[in-house]
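Heads up: the structure comes next, in structure tokens.
Note: hydrogens, waters and symmetry copies are ignored here, and every other heavy atom, side chains too, is used. Both counts, for ligands and for their atoms, begin at 1 and track the order of listing. Index from 1, following the sequence.
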Amino acid sequence: MMFVSPWRKDFPGIAALVAEGQTYLDSAATAQKSQPVLDALLGYYANGVANVHRAQHVPAERVTRAFESSRAQVARWLKAASPAEIVFTRGTTEALNLLAYGLEHMVQAGDEIVISALEHHANLLPWQQLALRRQARLVVLPLEPSGRIDLNAAARLIGPRTRLLAISQLSNVIGTWQPLAELLPLAKAQSALTVVDGAQGVVHGHNDLQALGCDFYALSSHKLYGPDGVGVLYGRGDALSLLRPWQFGGEMVRRADFDHADFHAAPMGLEAGTPPIAGVIGLSASLEYLASLDSAAVSRHEHALHAQLLTGLRARDGVQVLGEPHTALASFVVQDVHHSDLAELLGEQGIAVRGGNHCAMPLMKHLGIAGAIRVSLALYNDAEDLERFFIALDKALEILR
Ligand code: PMP
């Protein structure tokens with residue numbers, strides 16, 4: 001059966017890559033942009049730019065309105081209670097660093113910060129460094145062989161010293177949804193704050209933060225088919241007010257003198273300097289485009305492609321898929337073949353997949369591998385993309401084995 005994406009035509013970047021002989025299967029790294037996103041970016045730049053929140057003139061008012069209505073749209077899309085819960089950042093990485101610095105005052109020596117063994121470096125290093133600064137302890141939740149966090153271990157390891165739990169919703173390496181519905185209450189029972197790294201999960205339909213019930217949620221626009229250089233930190237009202245500013249500069253103060261400053265409340269007080277205006281407007285266009293799609297159809301399409309990917313990988317001798325991926329992506333290793341040799345041979349054949357440690361070096365160590373090849377899918381991929389991938393994979397393996 002062939003799965004053809006009805007949305008592929010909306011992404012000019014895919015047509016351009018195809019014309020170049022490229023099959024793009026690296027959307028977990030960054031996704032192609034839809035035409036409405038490109039139109040929004042050009043529209044913003046071509047119609048006369050202005051800075052936001054800074055002037056009384058007409059262009060500034062127009063851009064400020066567009067910027068703030070983008071904030072409202074992000075809030076609606078995430079089902080946040082209010083636009084005031086949406087802080088714009090430069091990406092997931094900056095959102096998580098903002099948290100690790102903004103919450104530093106709440107972490108004392110001997111406290112525990114809990115993460116898992118499969119976190120991306122963006123959701124590991126900010127907490128590791130916070131723990132080092134405060135003489136706190138970083139506690140790492142182990143995984144089951146499937147790639148899900150071991151809930152029994154979590155129940156043992158999350159305790160009265162736990163100040164904060166930070167977990168990714170969907171693993172960027174294994175493609176497993178984490179059991180957040182069970183994990184977050186364990187942290188809440190200890191009055192710990194909960195942080196969800198939504199960089200991957202938000203792309204694949206899990207964007208209802210009321211249902212999720214976390215205190216903080218981070219995402220990157222560029223993985224959500226939007227522009228790069230912009231991201232979001234969601235903070236539930238009273239949780240967000242715990243954050244102290246981390247970066248300092250223009251537009252985040254009510255009053256400043258040489259020896260004192262009085263900061264705005266969030267979100268303005270956490271957005272120092274000129275924000276990524278075009279990026280925010282482009283992100284909003286991307287969400288508008290995504291909201292116009294039949295989300296059930298997108299989900300069916302992605303699942304069908306994912307099943308085709310897993311079946312094809314598991315049918316091949318010596319190929320071992322990491323864990324039990326649920327959606328969107330799969331990583332694999334091949335017996336007696338180095339991942340970088342394989343990635344190179346795939347790349348030479350125009351297959352854009354990623355080989356390496358996927359910014360999760362401790363996970364690679366945990367799994368006892370040096371690296372893996374990751375194939376990741378988006379709504380614009382077709383069954384034909386995967387067929388081309390498998391032909392190239394077989395050819396590469398014939399050369400390498
Ligand atoms: N967390 C996860 C799970 C990711 O996949 C990524 C991006 N690879 C990040 C965090 C970091 O996102 P960014 O580089 O856009 O800040």
**Q.** Atom-level proximity to ligand 1, residues with heavy atom under 4.0 Å
**A.** T92, T93, H120, A122, N172, D197, A199, Q200, S220, H222, K223
Q) Do other residues, nucleotides or ligands put more than 12 heavy atoms under 6.0 Å from K9 NZ? A) yes
Q: Please collect all ring pair (Phe, Tyr, Trp, His ring centres under 6.0 Å) contacts where either partner lies in residues 332-361, sequence neighbours excluded, each pair once.
A: none
Q: With sequence neighbours excluded, give me every ring pair (Phe, Tyr, Trp, His ring centres under 6.0 Å) pair touching residues 189-215.
A: W177-H206
Q. Which of these passes side-chain contact (heavy atoms from CB on, under 4.5 Å) with Y225: V37, L379, D10, L283?
A. L379
Q: Measure across V375 and V353 and return the closest heavy-atom pair with its distance rounded to 0.1 Å.
A: CG2-CG1, 4.0 Å
Q | Partners passing side chain to side chain contact (heavy atoms under 4.5 Å, CB included) against D26 (at least two apart in sequence or in another chain) | A | Y24, A29, R354, R374, S376
